[in-house]
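Written out below as structure tokens is the structure these notes cover.
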Amino acid sequence: MSPKLVSIVGGLAVVALVVAIAVLPRLGFLSWGEAPATHAGGESVTVTGEADIGGPFTLVNGAGETVTEESFPGQYLLVYFGYTFCPDVCPTSLQTLTDALERLDPAVVERIQPLFITVDPQRDRPADVAEYAGFFHPKLIGLTGTEAQVAAAAEAYKVYYAKVEQPDSAAPYLLDHSAITYLMAPDGSLAAFFRHGQPAEEMAARLREVVGGAGS
Ligand code: NI
């Protein structure tokens, strides 16, 4: 592991453990002794232009229904890409998202639709992403799709992901992936983004400012 990753893992160990316990049924077979997958792009991101992030996507929710960027008219989308087998970063990111939403007035939360999009459609079927999302926040919707649908959505959001084979582990592979949370305005433009590890208070403040300040 890089020194950077060591410090991240160390700093997040306690919260990650607490969150991991909450999702233990899904992760039960993983060995806790192994090194966690890295999450490239989680700590440093270059946004070259707001218009570059986001765009059309076609995915499937827990009920097997098609969901697109037009499924939530008038809503701000809070979008995070990850996967349910993720041993560390995803649970932490999603817990932060939940903590941020819990700090907001209900009227602001009402205007936000949080989405968890898997980058592991091979393992994460509709029921899996729905159940996983339910561990975090009641409004969080889990989405999956075909490999091609997920790839297209990730490409639209400039999300990187790649399999990391785990030859000596019970889990055949982990996924390296970007760990940015995107806030998309109702018109589909990028309104804000949050790095992995950014405190829930900061996320809440920005959401309050952007969404709460946008009028009704
Ligand atoms: Ni992850």
Side-chain angles (χ1 to χ4, degrees), residues 8 11-23 26-27 36-37 39 41-43 45 47 53-54 57 59 61-62 67 69 71-72 75-120 124 128-144 153-154 157-161 175 177-186 190-212 214:
I8 292 162
L12 293 171
V14 173
V15 65
L17 180 63
V18 169
V19 173
I21 289 165
V23 296
R26 187 75 183 131
L27 303 169
H39 284 70
E43 310 81 50
V45 62
V47 175
I53 302 287
F57 61 79
L59 295 163
N61 68 14
V67 170
E69 77 287 356
S71 297
F72 310 100
Q75 296 278 293
Y76 282 82
L77 302 183
L78 195 53
V79 183
Y80 182 80
F81 288 77
Y83 68 115
T84 71
F85 285 85
C86 185
D88 44 72
V89 172
C90 289
T92 312
S93 293
L94 292 172
Q95 189 58 50
T96 299
L97 183 155
T98 296
D99 291 346
L101 292 176
E102 286 177 349
R103 289 166 187 272
L104 300 173
D105 290 340
V108 175
V109 177
E110 210 169 278
R111 304 194 61 198
I112 300 172
Q113 178 55 63
L115 301 177
F116 167 73
I117 301 175
T118 185
V119 291
D120 188 14
D124 287 341
D128 300 321
V129 289
E131 182 188 31
Y132 188 74
F135 288 136
F136 295 96
H137 193 276
K139 280 199 81 173
L140 182 62
I141 293 177
L143 298 173
T144 184
Y157 280 82
K158 303 289 187 285
V159 166
Y160 159 85
Y161 64 103
L175 282 153
H177 66 93
S178 308
I180 308 291
T181 303
Y182 298 102
L183 179 67
M184 310 304 293
L190 179 68
F193 67 92
F194 307 96
R195 292 181 177 85
H196 177 70
Q198 206 163 336
E201 303 82 60
E202 279 184 30
M203 185 186 277
R206 190 82 177 108
L207 291 173
R208 202 176 286 123
E209 183 179 64
V210 175
V211 180

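From a predicted model like this one, the values you see are computed outputs, not experimental measurements.
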Value rounded to 0.5 Å, distance of [atom1] in [X] from [atom2] in [Y]:
{"X": "L140", "Y": "I112", "atom1": "CG", "atom2": "CD1", "value": "12.5 Å"}
{"X": "Q75", "Y": "M184", "atom1": "CD", "atom2": "CE", "value": "14.5 Å"}
{"X": "L78", "Y": "T181", "atom1": "CG", "atom2": "OG1", "value": "6.0 Å"}
{"X": "T84", "Y": "F135", "atom1": "OG1", "atom2": "CZ", "value": "9.0 Å"}
{"X": "M203", "Y": "T96", "atom1": "CE", "atom2": "OG1", "value": "6.5 Å"}
{"X": "R195", "Y": "S178", "atom1": "CZ", "atom2": "OG", "value": "12.5 Å"}

How about [X] and [Y]: do any of their side-chain heavy atoms sit closer than 4.5 Å?
{"X": "I180", "Y": "H196", "value": "no"}
{"X": "Y182", "Y": "L77", "value": "no"}
{"X": "Y80", "Y": "L94", "value": "yes"}
{"X": "L97", "Y": "P114", "value": "yes"}
{"X": "F136", "Y": "P91", "value": "yes"}
{"X": "Y157", "Y": "V79", "value": "yes"}

For this session: Kindly state whether the ring of H177 and the ring of Y160 have centres lying under 6.0 angstrom apart.
Result: no

Exercise. Aromatic ring centroids of Y161 and F81 under 6.0 Å?
Worked result: no

If you take all heavy atoms of [X] and [Y], which pair is closest and at what distance?
{"X": "T144", "Y": "L59", "value": "O-CB, 3.3 Å"}
{"X": "R111", "Y": "V211", "value": "NH1-O, 3.4 Å"}
{"X": "I53", "Y": "K158", "value": "CD1-CG, 3.7 Å"}
{"X": "A191", "Y": "A185", "value": "CB-N, 4.1 Å"}
{"X": "A192", "Y": "L190", "value": "O-CD1, 3.3 Å"}
{"X": "G142", "Y": "A133", "value": "N-CB, 3.7 Å"}

Can a donor-acceptor pair be found, under 3.5 Å and without considering hydrogens, that links the side chain of [X] to the backbone of [Y]?
{"X": "E131", "Y": "D128", "answer": "no"}
{"X": "Y83", "Y": "L175", "answer": "yes"}
{"X": "Q113", "Y": "K139", "answer": "yes"}
{"X": "N61", "Y": "L143", "answer": "no"}
{"X": "S71", "Y": "V67", "answer": "no"}
{"X": "T118", "Y": "D120", "answer": "yes"}

For this session: Using the side-chain contact (heavy atoms from CB on, under 4.5 Å) rule, take I141 and F72 through it: C-alpha gap first, then chi angles, then the decisive distance, then the call.
Result: CA-CA 12 Å; I141 293 177; F72 310 100; 3.9 Å; yes

Seminar exercise, completed: Sequence neighbours excluded, the answer for side-chain hydrogen bond (donor to acceptor under 3.5 Å, both in side chains) partners of R103 is E201

For this session: Can you label the angle between the F116 ring and the Y132 ring as parallel, tilted or perpendicular, going by 30° and 60°?
Result: tilted

For this session: Give a yes or no on whether E110 atom CD has more than 12 heavy-atom contacts from other residues, nucleotides or ligands under 6.0 Å away.
Result: no

